[in-house]
Peer 1: 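Sharing a structure here in structure tokens format.
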Number of protein chains: 2
Amino acid sequence: MQNNPSLRREIPEASLRRLPIYYRSLQGMVAAGASRVSCADLARVLGLDPTQVRKDVEMTGIVGKPRVGYALDELVRWIENFLGWNRPKDAVLAGAGSLGSALLGYERFRRHGMQIVAAFDTDPEKIGQRIHGREVQPLMFLPDFVRQHKTPVGVIATPAAAAQSVADLMVSGGIRAIWNFAPAHIHLPDGFILQNEDLYHSLASLSFKLEANNALRR
Amino acid sequence: MQNNPSLRREIPEASLRRLPIYYRSLQGMVAAGASRVSCADLARVLGLDPTQVRKDVEMTGIVGKPRVGYALDELVRWIENFLGWNRPKDAVLAGAGSLGSALLGYERFRRHGMQIVAAFDTDPEKIGQRIHGREVQPLMFLPDFVRQHKTPVGVIATPAAAAQSVADLMVSGGIRAIWNFAPAHIHLPDGFILQNEDLYHSLASLSFKLEANNALRR
DNA sequence: TTGGAATCGAGAAAGTTTTCTCGATATGCA
DNA sequence: TGCATATCGAGAAAACTTTCTCGATTCCAA
């Protein structure tokens, strides 16, 4: 089960986002006591196209048996390994508001490739508080922390106005990837990884579909 | 500025998700005192392809002037109208944990097509509490509330295990769209709108890219 | 008034993702 | 053992999205 970097290029984003769905279903099947699974099974449960599932699953590098499918536990491990979920990366959090606090409480991130090891904020009220076991530190300490601990990931849960400067701070400390929850466009130098988690994107999609649905009903 | 339902079909999801990005940039430009904007301007600021921006903007139905672009305030209004962000829909929240509480605090949802008007939970500790001005009610009251107020949207911020049953409850009350924050696959009858907001999707993408990046550095 | 430059709008081309099709192979049953 | 069936794996086709190209229009400056 090796990761050939040359094979790891050119993976469709859409496939990447479907793997967690499979992963979750598979874990449910494990819990239900199953030991083998086929792409057709997965597709049936999730309402997806079987071929699409197969293509996605093939990406991980696993080889199945015709007429049988895959060994359930093996497929789970291949997905974990493919996504790097079995090698959790450290992350720092900027912004300990309600969203940031909620993120700090998500212990399960650890089993999905990430653990938040420190939290930072500018609010004197928040600094020094402990949230889910981590003490909130002054934001200005963030770059040093990242530098010393070689933290690869930064999570931004600040107001939009602060997002870019926080990102710059993270970059200055040597972070390599940013998970941005602030509703703001962030610019990073080339080679840095940016993952935006913008609720307003979903809200746009949801709102539009609802309007279209309204129109249909008239 | 009318919404022709026949024109509102077949909008690429990707375009729908880019509109909020434009919207935000445009508001920044308004704040900066600009009065006109071209697709080229937007593309430059956001690092996107100008043609793509133009195609997306055209979807809203706005007509621009060659050599000039669009009137800034007009474009903002067209996007709002296209997405339905100027006609906020009521929503009920199920699950008043840390994420649910954070969502209740997002007053800005109202300007983006949605307002959470009530919160529900099963935890006796939480029931009766006021969170950001709304009292948490017993989950079993949700269907009646939805029925009486004709609430179109349900937000699920419960643990994964409860997600499907909460969704069924919402459907039974006559909800039409569900915004699901629980990491669970939800099945809805045909015709219902489901928007999944799954942090693990992003985590998969982020983690994978980081691994690929690691591989490059070796 | 006229020429040049910038932009829109629309259609064509290229690229990407999803779906279809088919051959190979393993399993279970007669 | 031999046959029917389910599934993988791979390549082709179809659908969709993004990017390219070009003509039409408007503004600005000479």
Peer 1: Output the rounded distance in Å from CZ (A:Arg36) to C1' (D:dC8).
Peer 2: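 Going from A:Arg36 (CZ) to D:dC8 (C1'), I get 14 Å.
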Peer 1: Heavy atoms under 4.0 Å, any strand shown: does A:Ser38 hit a base, just sugar-phosphate, or nothing?
Peer 2: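 If one applies the 4.0 Å heavy-atom cut-off, A:Ser38 turns out to touch the sugar-phosphate alone, with no base involved.
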Peer 1: NA contact type, B:Arg18, heavy-atom cut-off 4.0 Å: base, sugar-phosphate, or nothing?
Peer 2: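 Sugar-phosphate, no base atom in range.
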Peer 1: Side-chain N or O of A:Tyr70 versus OP1/OP2 of C:dA26: is the shortest distance under 4.0 Å?
Peer 2: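 No, no such contact exists.
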Peer 1: May I ask you to decide if the ring planes of A:Phe82 and B:Phe208 are parallel, tilted or perpendicular, using 30° and 60° as cut-offs?
Peer 2: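 Rings of A:Phe82 and B:Phe208: tilted, as their planes differ by 30° to 60°.
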Peer 1: Could you check how far CD of A:Glu58 sits from C1' of D:dT7, rounded to whole Å?
Peer 2: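 Atom-to-atom, A:Glu58 to D:dT7, this comes out as 12 Å.
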Peer 1: A:Arg17 has an atom CZ; how far is it from atom P of C:dT16, in whole Å?
Peer 2: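 Atom CZ in A:Arg17 sits about 19 Å away from atom P in C:dT16.
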Peer 1: Once hydrogens and angles are ignored, does a donor-acceptor distance under 3.5 Å link the base of D:dT5 to the side chain of A:Arg67?
Peer 2: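 Yes.
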Peer 1: Can you check the B:Leu19 CG to D:dT17 C1' distance for me, whole Å?
Peer 2: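 That distance rounds to 15 Å.
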Peer 1: Could you pull out all residues at least two apart from B:Asn180 that satisfy side chain to side chain donor-acceptor pair (under 3.5 Å)?
Peer 2: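 If we apply the side chain to side chain donor-acceptor pair (under 3.5 Å) test to B:Asn180, skipping adjacent residues, the hits are B:Asn196.
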Peer 1: Given that A:Lys65 and B:Val63 both sit by DNA chain C, which one's nearest nucleotide is further toward the 5' end?
Peer 2: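 In this pair, the answer is B:Val63.
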Peer 1: Hey, which of these two, B:Lys55 or B:Cys39, hits DNA chain C nearer its 5' end, going by closest nucleotide?
Peer 2: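 Between the two, 5'-proximity favours B:Cys39.
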Peer 1: Would you indicate which nucleotide in C:dC8, C:dT7, C:dA26 comes nearest to any side-chain atom of A:Pro66?
Peer 2: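 Of the candidates, C:dA26 comes closest.
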Peer 1: Among C:dT19, D:dT26, D:dT7, find the nucleotide with the atom closest to the side chain of B:Val68.
Peer 2: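 Of the options given, the side chain of B:Val68 lies nearest D:dT26.
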Peer 1: By nearest atom, which of the nucleotides C:dT17, D:dT18, D:dT7 is closest to the B:Ser15 side chain?
Peer 2: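 Minimum distance to the B:Ser15 side chain belongs to D:dT18.
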Peer 1: Round to a whole Å and report the spacing from CZ of B:Arg54 to P of D:dT21.
Peer 2: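 To the nearest whole Å, that distance equals 14 Å.
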Peer 1: How long is the line joining CG of B:Asp49 and P of C:dA13, in whole Å?
Peer 2: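 Interatomic distance, CG of B:Asp49 to P of C:dA13: 18 Å.
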Peer 1: On the 0 to 90° scale, with breaks at 30° and 60°, tag the B:Tyr106-B:Phe109 ring pair as parallel, tilted or perpendicular.
Peer 2: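 If you compare the ring of B:Tyr106 with that of B:Phe109, the planes turn out perpendicular.
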Peer 1: Whole Å only: how far is the CG atom of A:Asp41 from the C1' atom of D:dT7?
Peer 2: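 It works out to 10 Å between those atoms.
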Peer 1: Whole angstroms only, please: what is the CD-C1' distance between A:Glu13 and D:dT17?
Peer 2: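 Rounded to whole Å, this separation is 15 Å.
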Peer 1: Checking side chain to side chain contact (heavy atoms under 4.5 Å, CB included) between A:Leu139 and each of A:Asp121, A:Val166, A:Thr158, which is the one that passes?
Peer 2: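 It is A:Val166; the other options fail the test.
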Peer 1: In terms of side-chain geometry, is the basic nitrogen of B:Glu211 or A:Lys89 positioned less than 4.0 Å from the acidic oxygen of its partner?
Peer 2: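 Salt bridge between B:Glu211 and A:Lys89, a charged N being under 4.0 Å from a carboxylate O: yes.
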